[in-house]
Amino acid sequence: MAELRQRKVAEPQGLAPISVDARSPKAVKRPRRQHKESALLLFATPLIIILHIALVALSVHRIYATPEVLSREAPRELFSETRALDTVKDLTETIGFRIVSTAGVEEAHQYMLQQTRQLVAEAKKRGGIKAEVDEHRVSGGVDLTYFHEPIGSVYQGLGNVMLRLAPIDPSGPPNSTLLLNAHYDSTLGSQGAADCASCVAVLLEIARVLVSDPSIKLPGPVLFLFNGGEETLMQAAHGFVSSGHRWVDDIAAFINLEATGSGGPDTLFQHTGGWTAETYAAAAKYPRGSVFLQDVFEAGFIPSDTDYRMFSAAAGQLGRWPGLDIAHILDSATYHTRQDSLQRLRPGILQAMGENTLEALLAISHRLSSGDVPKHVASKAKSVFFDVGGYFMVTYPMELASLLHLAPLALTLLTLIAMMKSTDSRESLARVTPVGVQAGLSVASFLCAVIIPAALGALRSAASGNPMAWYSSPPLAYSIYLPMALAAAALPYAITHSTPRPAAPNPRALQSALLGYALVISVVAGLSVALGMGSGYLFAAWGLCALLAAGFVTLVQEPLVALLGSMALALPAQALSLPLSLSLLIHCVGKANMAGAAPIGQTLVLDAVSGALIGSFTWLNLGFVAPTLAYVYRRRLPAAMLALTLFFTVTAVLGSCAPQAYSPTMPKRVISQHLHHHNAQGNILASRWVVAAVDGVPIERALSDVNYTRLDPIENDWQTFYPLGAIFETVHMEGPPPQKPGRGPLTTVRVTKKTTTGSLRRLQVEMKLPAAGWGVLNFTSAGLRDWSLTDSVAASAQPTHTQGNSRQHMVRFSCNQGYETWRYWLDVDANQPGVTLHVAISLLEETDAIKHFKSRLPSWTSEVAVTTYQSTWQL
């Protein structure tokens with residue numbers, strides 16, 4: 001028999017060679033051991049799938065977990081959600097809309113006075129605690145940057161109700177009051193059950209507990225502020241801070257309660273002063289929150305604000321205190337819609353917020369009264385904080401974070417240096433080259449996971465003509481994008497592993513994959529440190545777990561043990577990232593109906609953004625599981641990707657067949673104006689309807705039952721909503737004149753006095769509005785130097801569409817009933833032309849014309865409708 005000669009095929013470093021017969025292209029049969037390993041890996045596949053499904057299910061369970069709701073008959077010494085819901089019902093159903101400028105907000109103000117005065121009476125009966133109530137009306141102005149535009153914000157006659165509880169014999173320092181704030185006003189078109197009647201109810205119930213329970217020894221003074229003007233850009237809170245009220249100077253810290261959804265949980269998403277987050281983490285029964293949310297908020301990715309901005313020492317306004325910002329974040333589809341109702345509040349979320357806030361109140365008050373707080377210099381400090389499944393919260397200062405979050409990068413680099421120790425430079429380079437290749441694959445995996453779902457989402461929207469088809473059923477969005485994100489994340493590995501390899505990975509090859517991922521994610525953690533962001537804890541956790549997994553696989557010889565060990569070591573990082581990612585995805589998908597209409601490709605943008613968002617969070621939560629599985633199952637990768645792609649195709653087609661993207665519970669937001677232009681004599685010059693959508697689905701779909709003649713658009717059509725009009729998709733149509741046509745009590749503006757001093761001319765202006773309302777003043781001038789409205793003149797970046805160098809100076813205003821007359825002065829350059837003032841005021845009374853228009857809109861819309869009067873004046 002002829003002697004068989006054998007040769008070896010060149011094999012990448014770290015992988016075992018494959019023996020091939022010299023006379024035949026077929027490989028020699030694999031040893032029995034490899035068959036056994038393949039069988040074991042086949043057994044491990046369902047185990048891994050079940051493990052990750054269980055992890056997702058557990059994360060969802062923890063996100064929605066709530067404590068037992070106490071009944072109305074529960075002892076008054078305990079917080080009861082049921083009693084708190086009575087307050088929500090009074091505010092939302094008995095009173096209803098509580099919008100600044102309406103009778104409802106005044107009724108709510110009186111209701112809060114009544115409730116707090118009852119608590120004062122109960123405190124007097126109990127003894128041992130001092131209770132006081134005060135109210136005041138605030139007027140003023142503040143400079144803001146809103147949606148990246150500098151504006152002035154002025155207000156008149158907004159209400160605040162304050163309840164102060166204090167021990168009879170306080171032992172702490174004089175300035176140790178803890179402020180707790182919530183707003184009782186609601187926004188346009190919403191009863192505001194979650195935002196923010198629920199928060200008001202929580203604080204009232206906490207006050208009842210403090211008054212009713214003699215066993216609670218209040219450490220120091222506590223001030224409850226119920227403000228009546230948050231939805232008008234935090235005006236009432238600003239008025240309180242700047243009012244010079246006798247209780248303001250005693251404040252040492254604050255807790256602000258908010259809601260951006262009806263589903264809970266109460267989540268710490270901003271803080272000032274590291275000790276406040278530390279105290280909350282130790283005291284809260286069900287702590288939830290992450291500094292990741294604060295980083296996103298501070299980076300401007302969420303163009304929104306709360307009263308926190310007016311209180312916080314780090315927010316750049318008048319605030320000078322450390323404190324916490326806590327909000328409900330799930331079921332965000334109800335935010336600022338008519339669906340924000342008592343019935344939509346998820347049971348248990350008020351119970352959790354109440355118990356958490358009560359414990360935090362007592363803990364923070366104790367620290368303030370004992371003097372156990374950092375001095376003023378540290379009041380702006382920031383800490384890293386994050387919860388672990390809602391069971392407990394971890395906090396540490398940013399100084400320590402700089403070390404901890406850079407540690408994985410340092411360890412990864414040290415590992416690579418150790419691998420390069422060799423007298424032969426080529427050998428050293430050969431050892432680390434696979435790690436560099438794997439790092440590149442990790443980056444490519446992330447890019448694919450983001451770009452491919454985004455592109456295919458936009459393609460689905462364009463091909464079907466049905467953007468946001470998934471909105472009314474959020475699970476459909478995950479069904480469409482998640483399989484494609486998984487397939488896209490695996491694509492770079494499928495391409496590079498296309499040649500035949502052994503069924504089981506060589507530990508050294510798997511180690512290179514883990515180290516490559518660790519290098520990439522650790523660099524991201526380092527960048528977060530360089531940017532002053534605390535969210536690097538997520539990336540550092542993944543980097544550290546990847547390093548541990550890399551070390552583990554080098555110590556074991558069994559591929560199955562290496563695989564399962566790597567999966568186990570990924571669990572701690574997944575436990576941190578998965579609940580946060582799911583919460584953010586649920587929140588963002590719910591708010592897609594207010595994401596704005598893009599000026600270009602508006603029907604494609606939201607689907608693309610949704611795909612990119614789901615893809616990025618998918619990659620983050622896969623972590624090094626992706627490269628690990630890619631090595632183990634690389635022969636099966638093409639089949640798996642084909643299956644995932646097929647799943648995406650089927651769900652995308654089925655989703656695109658949905659007749660409507662919205663439902664009564666997941667509505668489309670529609671904003672409409674009955675817009676009238678009038679002259680100085682009060683004559684109506686023109687009337688029209690201006691209707692807008694604030695998402696990527698064309699507004700015409702909501703107007704299918706409205707017979708209208710389309711008109712050409714006009715300039716400054718959304719002046720009262722400035723600068724939000726830039727994200728509206730608008731239709732202009734013919735509209736009837738106002739119910740009182742012709743001359744009437746419309747806006748009047750007059751200059752009551754002119755004085756000239758040097759190069760400046762001062763104009764004393766009196767403006768009378770037809771009724772209380774919301775609006776915007778647009779002062780257009782090349783020579784406006786100062787005014788009495790706010791501290792400085794806000795210059796808009798918007799073009800004036802006029803000749804010369806005139807600038808627009810925008811001021812938002814609001815007032816309550818009885819405060820319709822405004823007086824202010826303007827200083828202008830005496831050598832420049834005068835000031836052109838464009839006044840736009842929206843009245844919130846529901847006229848017959850508005851009722852008729854709203855009746856023609858589909859049930860799957862949530863409407864905001866106002867009557868707007870615009871006029872132009874030369875000053």
Side-chain angles (χ1 to χ4, degrees), residues 79 84 160 162-166 175-184 195-196 198-207 209-210 216 218-227 230 234 236-237 240-241 247-248 250-260 264-289 293-294 297 305-315 319-329 349-350 352-369 373 379 382-383 385 393 395:
F79 184 95
N160 285 323
M162 295 152 286
L163 169 67
R164 186 177 185 270
L165 303 179
N175 301 326
S176 59
T177 298
L178 173 63
L179 171 69
L180 293 102
N181 175 76
H183 66 92
Y184 59 79
D195 183 22
C196 205
S198 66
C199 305
V200 168
V202 164
L203 292 188
L204 267 181
E205 178 64 12
I206 287 175
V209 171
L210 296 176
I216 295 180
L218 202 59
V222 177
L223 178 61
F224 295 88
L225 172 62
F226 304 100
N227 82 72
E230 191 273 345
M234 305 85 67
F240 170 74
V241 175
W247 289 336
V248 170
D250 292 335
I251 296 172
F254 71 91
I255 299 176
N256 181 59
L257 299 186
E258 257 294 354
T260 183
D266 53 308
T267 302
L268 175 61
F269 72 102
Q270 288 189 105
H271 80 293
T272 302
W275 68 271
T276 57
E278 172 192 330
T279 307
Y280 179 83
K285 291 184 177 181
Y286 324 101
R288 288 182 172 89
L293 302 174
Q294 181 160 353
F297 216 84
D305 242 323
T306 71
D307 287 328
Y308 171 91
R309 183 172 180 176
M310 297 300 166
F311 302 139
S312 169
R320 52 187 183 273
W321 307 305
L324 307 171
D325 206 5
I326 301 168
H328 292 135
I329 63 171
I349 64 170
L350 269 63
M353 176 180 269
E355 293 183 23
N356 284 339
T357 306
L358 177 58
E359 295 300 325
L361 178 158
L362 295 173
I364 293 176
S365 181
H366 181 268
R367 291 195 65 170
L368 292 174
S369 61
V373 295
S379 63
K382 178 180 177 181
S383 287
F385 63 93
M393 181 173 280
T395 65

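Fair warning: this is a prediction, and the values are worked out from it, not measured in the lab.
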Supply the atom-to-atom distance M393 CE to Y286 OH, rounded to the nearest 0.5 angstrom. 14.5 Å
So, for L368 and A252, which heavy atoms are closest and what is the spacing to 0.1 Å? CD2-CB, 3.7 Å
Pairwise distance CD(E230) to CZ(R309) - rounded to 0.5 angstrom: 11.5 Å
Rounded to the nearest 0.5 Å, how far does CD of E258 lie from CG of D305? 10.0 Å
Passing option when L361 is tested against V209, V222, L203 for side chain to side chain contact (heavy atoms under 4.5 Å, CB included): V222
Kindly say whether I251 contributes a backbone atom to a donor-acceptor pair with the side chain of W321 at under 3.5 angstrom? yes
Polar side-chain atom of T276 near backbone of G273 as donor-acceptor pair, under 3.5 Å: yes
Side-chain contact test, heavy atoms from C-beta onward, threshold under 4.5 Å: evaluate it for L178 versus L180 and give yes or no. yes
Between the main-chain N or O of G220 and the side-chain N or O of S365, is there a donor-acceptor pair closer than 3.5 Å? yes
Report the distance from atom CG of N227 to atom CE of M162, rounding to the nearest 0.5 Å. 10.5 Å
State yes or no: are the ring centers of F254 and F311 separated by less than 6.0 Å? yes
Backbone N/O of A277 and side chain of T279: donor-acceptor pair under 3.5 Å: no
Can you spot which of N256, T272, N181 makes a side-chain hydrogen bond (donor to acceptor under 3.5 Å, both in side chains) with Y308? T272
Please test F224 against L204 for side chain to side chain contact (heavy atoms under 4.5 Å, CB included), starting from the C-alpha separation and ending with a verdict. CA-CA 8 Å; F224 295 88; L204 267 181; over 6 Å; no
Is there side-chain contact between Q294 and K382, with at least one heavy-atom pair below 4.5 Å? yes
Give me the atom names and distance for the closest heavy-atom approach of C199 to A259. SG-N, 4.2 Å
Any side-chain heavy-atom pair from I326 and F269 closer than 4.5 angstrom? no
L268 and R288: CA distance, side-chain angles, deciding distance, side chain to side chain contact (heavy atoms under 4.5 Å, CB included) verdict: CA-CA 6 Å; L268 175 61; R288 288 182 172 89; over 6 Å; no
Does any part of the side chain of Y280, heavy atoms only, come nearer than 4.5 Å to the side chain of N356, both counted from C-beta? yes
Counting only N and O atoms by type, is there a donor-acceptor contact under 3.5 Å from the side chain of S369 to the main-chain atoms of H366? yes
Trace of the side chain to side chain contact (heavy atoms under 4.5 Å, CB included) decision for V248 with R320: CA-CA 11 Å; V248 170; R320 52 187 183 273; 3.4 Å; yes
Can you measure from CZ (F79) to CD (E359) and round to the nearest 0.5 angstrom? 12.0 Å
I'd like to check D195 versus H328 (side-chain heavy atoms, cut-off strictly below 4.5 Å). Are they in contact? no
For F297 and Q270, what are the C-alpha separation, side-chain angles and deciding distance, and is it a side chain to side chain contact (heavy atoms under 4.5 Å, CB included)? CA-CA 8 Å; F297 216 84; Q270 288 189 105; 3.5 Å; yes
Hey, does L163 have a side-chain heavy atom less than 4.5 Å from the side chain of L223? no
Going from CD on E278 to CD1 on I364, what distance comes out if it is rounded to the nearest 0.5 angstrom? 11.0 Å
Which pair of heavy atoms, one from P219 and one from L362, lies closest together, and at what distance? CG-O, 3.9 Å
Determine whether I349 and D266 make a side-chain contact, defined as any pair of heavy atoms from C-beta on separated by less than 4.5 Å. no
Side chains of W275 and R367: closer than 4.5 Å at any heavy-atom pair? yes
Counting N and O atoms only, with roles assigned by atom type, does the side chain of S383 sit under 3.5 Å from a partner on the main chain of F385, one being a donor and the other an acceptor? no
So, N160 side chain and A236 main chain: donor-acceptor pair closer than 3.5 Å or not? yes
